[in-house]
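Data block below; observations after.
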Amino acid sequence: MKLSTIFKNGFVKENPVFVQFLGMCPVLAVTTSAENGLGMGLASTAVLLGSNLVISLIKSFIPNKIRIPCYIVVIATFVTLVGMIMEAFLDGLHAELGLFIPLIVVNCLILGRAESFASKNSTLDSLVDGISMGLGFTAALVILGMTRELLGTGSVFGINLLGENYPHAGIMVAPPGAFLALGVLTAAFNKIFKKNKI
Amino acid sequence: MKETIKLGLILCFITLIAGLILGFVNAMTEPIIQERRLGETYEVIEKFFPETQDVLVNDDLDIDINISDLEENNIINIYASLDGDIIGYLIHSSASGYGGAVEVLTGISLEGEVVGIDILTHTETSGLGDRIEEESYKDQYKGIDATNSLDKDQIDNISGATVSARAVEQSVDRAIEFFIKHLKK
């Protein structure tokens with residue numbers, strides 16, 4: 001597979017959120033603002049990169065029968081590392097994302113890529129796949145976060161865009177709004193990109 | 001049988017490497033995290049006692065306490081704020097909330113009045129339990145008499161977050177009890 005094909009994959013054709021519908025828990029819970037979506041997306045990308053890299057490196061060493069527990073150990077280790085580093089150097093974001101950082105371990109996207117890609121492809125390919133899926137995930141989170149934040153508070157990344165008199169649609173930053181926004185954005189995404197066969 | 005042992009050993013080896021890496025990174029990040037938490041605590045101390053010139057912690061304080069006394073009463077740290085002499089105490093205590101320990105810093109003036117509380121750490125439900133961090137909830141504790149046991153009826157709960165609010169109450173209760181037993185003049 002060409003590297004450029006792998007790289008484009010995660011953004012449109014197999015977008016983790018709008019096409020694969022993976023990692024729904026953080027997608028819905030953490031996208032209350034664009035900044036949180038970005039932070040969670042980047043943290044998940046860091047873990048995905050690390051786990052794809054390591055798993056593709058040791059894939060010949062892992063016996064098939066215990067591959068799932070091995071992948072999980074690798075993923076959990078990276079999540080813990082990312083969590084510790086965030087708590088030490090990015091504590092504002094760490095406080096915002098809170099309990100959802102450890103939950104990156106059970107983000108199906110990461111285990112999914114390990115099983116379906118990293119365990120079967122070269123290290124370079126796996127690295128590019130990790131970047132692609134991770135950034136595609138992050139882009140989806142940011143778009144979703146921006147939508148919910150804009151409609152719910154009138155701001156995007158904290159910058160007020162709709163003025164003082166905008167009546168906040170509070171529901172958009174609450175759980176029901178997450179489902180509503182995700183549904184509409186997924187419909188829009190598939191409508192736009194189904195036409196251009198990428 | 002032999003294969004099972006081999007699988008087990010491989011898994012063990014992988015987790016061993018993982019554990020070593022985690023231990024190493026933890027050793028590097030832990031001091032940074034602790035220092036930042038300490039800095040946050042000092043900020044709260046200055047908020048409660050603006051005239052603070054110096055802070056004493058635990059053993060530095062000239063009181064009759066042992067580590068076991070602290071742990072028994074779920075007290076994590078005792079701070080004394082000084083402006084020459086001691087002007088007040090801050091007691092870092094904890095209680096079980098809905099999602100884990102809720103750690104509270106209770107500021108008590110020398111005269112025995114609660115100056116305020118600060119929620120240091122918690123893992124309560126966001127949107128519900130974390131409302132214990134709202135100013136309107138925390139303000140209820142200002143001015144409470146710390147020379148007598150906490151009268152829990154005077155604190156309004158948070159609907160939908162009873163367990164979290166009760167954890168705060170219990171934490172403050174423990175701080176006040178400790179103040180009465182060991183620090184009150």
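Proteins come first, then strands; the chains are lettered A, B, ... in the order of their sequence lines, and each starts at number 1.
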Is it true that, when you exclude B/Phe13 itself, more than 12 heavy atoms of the residues, nucleotides or ligands shown sit nearer than 6.0 Å to its CZ? no

Between A/Ala88 and B/Ile32, what is the shortest heavy-atom contact and its length? O-CG2, 3.6 Å

Less than 4.5 Å to any heavy atom of chain A: does that hold for the side chain of B/Glu3, its backbone, both, or neither? side chain

Rounded to the nearest 0.5 Å, what's the gap from CD1 on B/Ile14 to CD1 on A/Ile66? Could you check? 6.0 Å

Just wondering, are more than 12 heavy atoms of other shown residues or ligands nearer than 6.0 Å to CD in B/Gln34? yes

Between atom NZ of B/Lys6 and atom NZ of A/Lys65, what is the distance when rounded to the nearest 0.5 Å? 10.5 Å

Return the OG1 to CD1 distance between A/Thr80 and B/Ile21, rounded to the nearest 0.5 Å. 11.5 Å

Inspect the surroundings of CD in A/Glu35 and state if more than 12 heavy atoms from other residues, nucleotides or ligands are less than 6.0 Å away. no

Check for me, please, whether A/Ile68 and A/Phe61 land in the same ILVMFWY cluster - side-chain distances under 4.5 Å, paths through other members count. yes

Step through the shown structure and confirm whether more than 12 heavy atoms of other residues, nucleotides or ligands are within 6.0 Å of CZ on A/Phe157. yes

Between CD1 on residue A/Ile72 and OG1 on residue B/Thr15, distance to nearest 0.5 Å: 13.0 Å

So, do A/Met84 and B/Met28 sit near enough that their side-chain heavy atoms are less than 4.5 Å apart? no

What part of B/Phe24 lies closer than 4.5 angstrom to a heavy atom of chain A: side chain, backbone, both or neither? neither

Within the supplied structure, the quantity of interest is the number of heavy atoms (other residues, nucleotides, ligands) at a distance under 6.0 Å from A/Phe189 CZ; does it exceed 12? yes

Inter-residue atom distance B/Ile33.CD1 - A/Ile85.CD1, 0.5 Å rounding: 10.0 Å

Is the number of heavy atoms from other residues, nucleotides or ligands under 6.0 Å of B/Arg166 CZ greater than 12? no

Note: A/Leu81 and B/Leu22 closest approach over all heavy atoms is CD2-CD2, 3.8 Å

